[in-house]
2 protein chains.
Amino acid sequence: MGRSGETIEPGDGGLVSAAVGAISDHIRRHGLGPGDRLPSEADLSRSLAVSRSVVREALRALSALRLIDLRAGRRALVAELDDGAMSSVIAHGLHTDQITILQVYDVRRTIETRTAALAALHRSDAEAEEIGAHVEAMRSQSDLPERVMEEDLGFHRAIARAARNPVFALIVGSFECVTRQTWPINWRSRTRPEEQIAMIDIHRDIARAIAAGDPGRACEAMARHFDESVRVLAAAGQV
Amino acid sequence: MGRSGETIEPGDGGLVSAAVGAISDHIRRHGLGPGDRLPSEADLSRSLAVSRSVVREALRALSALRLIDLRAGRRALVAELDDGAMSSVIAHGLHTDQITILQVYDVRRTIETRTAALAALHRSDAEAEEIGAHVEAMRSQSDLPERVMEEDLGFHRAIARAARNPVFALIVGSFECVTRQTWPINWRSRTRPEEQIAMIDIHRDIARAIAAGDPGRACEAMARHFDESVRVLAAAGQV
DNA sequence: CAAAGAGACCTGTCTGACAGGTTTTGTGAT
DNA sequence: ATCACAAAACCTGTCAGACAGGTCTCTTTG
């Protein structure tokens with residue numbers, strides 16, 4: 001069979017999955033990086049010898065995985081690493097009762113005690129600053145739960161970034177959807193102001209340990225944070 | 001606005017992403033679980049008031065995320081949790097130089113020291129048996145690198161399963177593509193038989209600690225395993 | 001009652017068409 | 001020669017219709 005360019009091999013599990021593979025290969029073989037443009041749908045249709053429908057479905061699949069960015073009128077671009085796909089997987093697992101929130105928390109504890117330690121070791125001054133700023137914002141807006149939650153999420157994201165390992169950031173980011181569900185439960189169960197302050201204080205301890213460059217203390221404070229959250233969640237009927 | 005069924009709201013970032021959301025919602029609202037059937041493309045096309053092309057692209061996107069299974073002639077099924085999507089994300093990150101192999105190893109170390117400890121706590125006898133069998137198979141086929149690698153991968157997967165937390169299994173599974181690349185490097189750098197045996201012995205130590213129900217020793221042995229792998233990889237120019 | 005066959009249903013793929021973005025080109029003014 | 005702006009070329013998003021081939025179901029038959 002006249003193999004011209006990247007013609008799809010027959011016998012595959014469908015033309016679309018073959019096209020997905022061919023387009024991924026194209027990215028790899030041409031050494032494309034984030035922001036680089038892919039061939040147009042018409043070009044791909046020609047070179048893969050399949051209809052534009054098949055190419056479109058393949059591109060849509062890659063877009064769902066966030067390997068490429070699609071936008072009307074423009075050619076597809078290679079995408080930057082993004083936690084959207086992993087996030088969807090976790091959300092699906094939760095919604096279909098294949099995983100539980102406590103299981104996610106166990107993984108988060110494992111991952112984030114490590115990111116806290118790494119952040120303490122690798123953080124720049126600007127990052128220590130940003131992490132502290134999130135805590136300050138939580139404290140100063142403690143009457144606006146919605147805001148406190150956003151700052152809390154930003155706090156954990158910032159620590160993951162400061163750990164300087166995008167894989168950690170990816171995983172932490174993909175759990176954000178879980179936290180958005182459980183955070184209000186956690187907050188509501190702390191009715192007295194001193195309980196809310198205690199929770200924010202743990203965050204401050206983590207931030208200080210990271211700022212001080214003390215991985216052991218950062219890890220220990222993060223562990224306390226998760227133990228506390230899990231305790232509250234379990235008391236509230238784990239939801 | 002006449003909301004009939006699950007008609008798509010306008011103003012979204014495209015009909016397809018709206019359809020993806022609507023179909024995900026459908027799964028959630030109807031409490032569908034793995035194996036349950038989705039409506040046909042024609043039904044979805046009608047109820048969402050979009051063309052079949054749009055529905056197909058939406059289904060293809062969900063299929064890429066492994067939230068549903070598509071097969072010719074059959075209706076789409078809700079899928080079981082699967083590491084395929086996360087695996088693609090990691091592979092893409094590596095191929096586009098957005099993450100490095102050592103970064104993946106750092107995450108693996110973090111995750112797998114924990115799965116080893118959890119496996120020691122939660123394993124069934126059958127699971128301890130299976131983990132040990134993988135080690136035995138590595139030892140007895142040590143002249144067939146290909147086989148040793150497969151048993152090694154199975155060993156780590158079995159431990160993740162024995163940890164009884166599918167989220168850990170998901171993450172470990174999604175790193176398998178990395179291991180398949182680095183494993184041969186690791187193996188080739190151990191030219192003398194006693195070096196190869198030493199590597200298998202670490203696996204045996206892990207298996208024994210898990211069988212003995214000793215989380216501390218399991219964690220420590222797994223940590224040794226990763227330290228050793230990273231040392232060899234770094235010596236080989238990290239690749 | 002079980003197995004084989006027919007029909008309905010469904011998905012995979014192709015073609016052609018058109019609206020509305022985006023990039024490039026070409027033109028004219030400065 | 002350069003810059004701004006308008007036109008053209010290009011590209012993606014969506015739709016409609018068509019047909020081949022896989023799957024399920026129900027009925028008929030042995």
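Just so you know, these numbers come straight off a predicted model, no measurement behind them. Computation of the quantities below employed the complete heavy-atom set of this structure, encompassing side-chain atoms and omitting hydrogens, waters and symmetry-equivalent molecules. The chains referred to below are lettered A, B, ... by the order of the sequence lines, with proteins before strands, and numbering in each begins at 1.
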Chi angles and distances behind the side chain to side chain contact (heavy atoms under 4.5 Å, CB included) call for A:Leu118, B:Asp106: CA-CA 11 Å; A:Leu118 286 173; B:Asp106 194 3; 3.8 Å; yes
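- Distance check: A:Glu176 CD to A:Met149 CE gives 8.5 Å after rounding to the nearest 0.5 Å.
- Of the residues near DNA chain C, A:Ala72 and A:Ser51, the one whose nearest nucleotide (by heavy atom distance) lies more toward the 5' end is A:Ser51.
- For the pair B:Glu41 CD and D:dT23 P, the computed distance is 15 Å after rounding to whole Å.
- The one candidate from B:His30, B:Arg75, B:His26, B:Arg46 that meets the side chain to side chain contact (heavy atoms under 4.5 Å, CB included) condition with B:Pro39 is B:His26.
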Distances under 3.5 Å only, N/O to N/O: pair up the protein atoms with those of nucleotides 17-19 of chain D.
{"from": "D:dA18", "atom 1": "N6", "to": "B:Arg52", "atom 2": "NH2", "distance (Å)": "3.3"}

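- Separating the CZ atom of A:Arg71 from the P atom of D:dG13 is a distance of 11 Å, rounded to the nearest angstrom.
- Here the CG atom belonging to B:Asn186 is positioned 8.0 Å from the CH2 atom belonging to B:Trp183, to the nearest 0.5 angstrom.
- If you check D:dT14, D:dG22, D:dC11 against the side chain of A:Ser40, the one that comes closest is D:dC11.
- In this structure, A:Cys177 SG and A:Leu94 CG are separated by 6.5 Å, a value rounded to the nearest 0.5 Å.
- Side-chain contact of B:Thr182 with B:Tyr105: a donor-acceptor pair under 3.5 Å is present, judged by distance alone.
- Nucleotide D:dT23 holds its P atom 14 Å from the CZ atom of B:Arg37, rounded to whole Å.
- For B:Arg164 and B:His122, the side-chain atoms include no donor-acceptor pair closer than 3.5 Å.
- Going from atom CG of A:Leu81 over to atom OG1 of B:Thr96 covers 6.5 Å, rounded to the nearest 0.5 Å.
- Side-chain atoms of A:Thr100 come within 3.5 Å of backbone N or O of A:Gln103 as a donor-acceptor pair.
- With rounding to the nearest 0.5 angstrom, the OG1 atom of B:Thr179 is 10.5 Å from the CZ atom of B:Arg157.
- A nucleotide of DNA chain C counts as in contact with chain A when one of its atoms lies under 4.0 Å from a heavy atom; the first and last such, 5' to 3', are C:dT13 to C:dT23.
- Distances shown here put a side-chain N or O of A:Arg75 below 4.0 Å from the OP1 or OP2 atom of D:dC11.
- Side-chain N/O atoms of B:His203 and B:Asp152 include a donor and acceptor closer than 3.5 Å.
- For DNA chain C, none of the residues of residues 58-69 of chain B falls under the heavy-atom distance limit of 4.0 Å.
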